[in-house]
Visitor: 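The structure that follows is given in the form of structure tokens.
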Amino acid sequence: WTSPVPTQPGELLRVAAYDGEAPAGATGLRILYSTTRADGSAAVASAVVALPTAAAPSEGRTLLAWQHGTTGVARSCAPSLRANALSEHAIPGISRMIDRGWAIVATDYPGMGTAGRYPYLIGVGEGQATLDGLRALCQVDDAHASNRVMLWGHSQGGHATLWAAQIAADYAPDLDVVGVAALSSATDPLAVSKLIIEGPASALVNAVTSYVVVPYADEYPDLTLIGLTHPAGSVFADAAASRCATDPGTLVTLLVTLGLGGRDHLYDLDLDAGPVHDRLAQNIATAIVPAPLFLGQGVDDEVVSIDIQRTTDARVCAAGGPVETHEYPGRDHMGVIAQGSPLIDDLFVWADRVTAGEAPSTCS
């Protein structure tokens, strides 16, 4: 996008056919739209869309925004650039969504698929891009959109989902959020970071840390790569952040960093006090949302501790929020959303109750 970015967020800028696979009974599209970064500046985001080919109901379609988990933080890591962005692997239960007549938008967020900063675990930036994707979907021909929206996401996308739900009333009052589902959610970036960074040093630890530190250094003026990395390591941090999670070159890059001056960790971070701690804490999602909330996670999650979901559930219950929480023994971070996982059935049972207007579950 080379023209000036509209200052009005959620404006549909471009529509193109999506040439990857799409579920039966659906048409795939790719879109560009305007949004707003966490600092208030205008940005362009890309997304992939799935529209049912069946006739829309007279009241318009329910819209669902799906927020993806970590794929990287570089422009080329955008799910919409891949052939499977509308598959069951990428959006669990997408065929059931289409069967229900829902229209789906899955944002890449700014900086993935488009140029600029990427708001990885930066709550306001993720949330605004999510809501603006829904606004843009409403302008797509043949969307037949209502203003009823669902917000669902996994891992990083769970964090984005909760932030979108928290800010929706103020940022996008034109949207009626009727249900929120956060799955294996990175609700607390500080707790997730402590679990990863304070564990044994490895190439994987350095890779995941790069995904957090590089976007945070881009976003916040009180954080710099030079101040957070091994003295010889900023070039490796940038290199790691430029690769996608599934890129085999990522492992090679990060294995090299393990030999930096005899140091095991590429980063030197204080997660107990100071600017890194404060910025991560600033982006913790409260999960206090007015709409019915579904929380689901595998007990054996190796990326996001199940204790984070339990803490979130307790906080929402204490606030009197309508929350339904599920734990799945034997399921890890990705296994809990894999085909055949009981979470998928539970999620749609809950969603059907919500869309039917039944009373949401409450804490016992």
Side-chain angles (χ1 to χ4, degrees), residues 1 9-35 44-68 71 78-110 112-114 129-154 157 160-161 164 168 172 174-181 337 339 344 347-348 351-352 354-356:
W1 185 258
E11 183 174 329
L12 182 65
L13 304 177
R14 184 180 297 153
V15 180
Y18 173 69
D19 55 9
E21 65 176 289
T27 299
L29 301 170
R30 294 173 63 215
I31 64 172
L32 288 180
Y33 63 94
S34 62
T35 187
V44 173
S46 53
V48 64
V49 165
L51 298 179
T53 55
S58 58
E59 69 274 16
R61 299 191 189 281
T62 294
L63 309 184
L64 184 139
W66 170 259
Q67 285 63 253
H68 65 80
T71 60
S80 71
L81 297 176
R82 306 187 184 277
N84 66 346
L86 294 176
S87 67
E88 292 286 341
H89 173 75
I91 304 179
I94 187 171
S95 295
R96 302 193 206 191
M97 300 170 190
I98 295 299
D99 289 345
R100 285 162 171 76
W102 301 350
I104 303 152
V105 60
T107 184
D108 298 320
Y109 316 105
M112 231 192 227
T114 59
T130 295
L131 297 168
D132 288 329
L134 287 160
R135 286 166 153 169
L137 175 57
C138 292
Q139 301 160 49
V140 172
D141 290 341
D142 299 324
H144 302 291
S146 72
N147 70 337
R148 300 184 312 276
V149 304
M150 290 269 199
L151 303 171
W152 295 10
H154 174 254
T161 294
D174 47 309
L175 301 176
D176 178 19
V177 179
V178 298
V180 180
I337 59 167
Q339 291 190 54
I344 308 301
L347 179 57
F348 280 93
D352 289 343
V354 166
T355 54

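Keep in mind that what you see is a predicted model, and the values were worked out from it rather than measured.
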Visitor: Which value, rounded to the nearest 0.5 Å, describes the distance between Y33 atom OH and R135 atom CZ?
Guide: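 It comes to 11.0 Å.
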Visitor: Quick one: pull up CG in L12 and CG in D132 and give me the separation to the nearest 0.5 Å.
Guide: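 Answer for the CG-CG pair, L12 versus D132, is 12.0 Å.
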Visitor: With sequence neighbours excluded, tell me which residues meet salt bridge (charged side-chain N to carboxylate O under 4.0 Å, His left out) with D99.
Guide: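 So D99 forms no salt bridge (charged side-chain N to carboxylate O under 4.0 Å, His left out) with any residue.
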Visitor: Is there a side-chain contact between M150 and M97, using heavy atoms and a 4.5 Å cut-off?
Guide: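 Heavy-atom side-chain distance check fails, nothing below 4.5 Å.
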Visitor: With a 4.5 Å heavy-atom cut-off, do P57 and H144 have their side chains touching?
Guide: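 No, too far: nothing below the 4.5 Å cut-off.
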Visitor: Taking atom OH of Y18 and atom CG of L81, what is their separation to the nearest 0.5 Å?
Guide: 9.0 Å
Visitor: Taking all non-hydrogen atoms of both residues into account, name the closest pair between A103 and R61 and its distance.
Guide: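 For A103 versus R61, the nearest heavy atoms are CB-CD, 4.1 Å.
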Visitor: To the nearest 0.5 Å, what is the distance between OG1 on T114 and CH2 on W1?
Guide: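 Reported to 0.5 Å precision, the distance equals 12.0 Å.
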Visitor: Identify the heavy atoms of I98 and W102 that sit nearest to each other, and give their distance.
Guide: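 So the two residues come closest at CD1-O, 3.9 Å.
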Visitor: Measure across A85 and V48 and return the closest heavy-atom pair with its distance rounded to 0.1 Å.
Guide: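 Smallest heavy-atom distance, with atoms named: CB-CG1, 4.1 Å.
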Visitor: State, to 0.1 Å, how close N84 and S87 come at their nearest heavy-atom pair, and which atoms those are.
Guide: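 Distance-wise, the nearest heavy atoms are O-OG, 2.7 Å.
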Visitor: Name the orientation class of the two ring planes belonging to Y109 and H68 (parallel below 30°, tilted from 30 to 60°, perpendicular beyond 60°).
Guide: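 Because their plane-to-plane angle lies in the 30° to 60° range, the rings of Y109 and H68 count as tilted.
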Visitor: Drop me the distance from L137's CG to L175's CG, to the nearest 0.5 angstrom.
Guide: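 Those atoms lie 10.0 Å apart.
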Visitor: Determine whether W152 and L64 make a side-chain contact, defined as any pair of heavy atoms from C-beta on separated by less than 4.5 Å.
Guide: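 Heavy-atom side-chain distance check passes, below 4.5 Å.
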Visitor: Please report the C-alpha distance between D174 and N147 in whole Å, then the side-chain angles of each, then the deciding distance to 0.1 Å, and finally whether the side-chain contact (heavy atoms from CB on, under 4.5 Å) criterion is met.
Guide: CA-CA 7 Å; D174 47 309; N147 70 337; over 6 Å; no
Visitor: Checking Q67 against T161: is there a side-chain donor and acceptor pair closer than 3.5 Å?
Guide: yes
Visitor: Report yes if some heavy atom in the side chain of L134 is under 4.5 Å from a heavy atom in the side chain of L151; otherwise report no.
Guide: yes
Visitor: So, do E21 and L86 sit near enough that their side-chain heavy atoms are less than 4.5 Å apart?
Guide: no
Visitor: Run the side-chain contact (heavy atoms from CB on, under 4.5 Å) check on T355 and R100 step by step: do they pass?
Guide: CA-CA 10 Å; T355 54; R100 285 162 171 76; over 6 Å; no
Visitor: Between S146 and C138, which heavy-atom pair has the shortest distance, and what is it?
Guide: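 That closest heavy-atom pairing would be O-SG, 4.1 Å.
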Visitor: Looking at every heavy atom in both P92 and A90, which two are closest together, and how far apart are they?
Guide: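 Heavy-atom minimum between the residues: CD-O, 3.7 Å.
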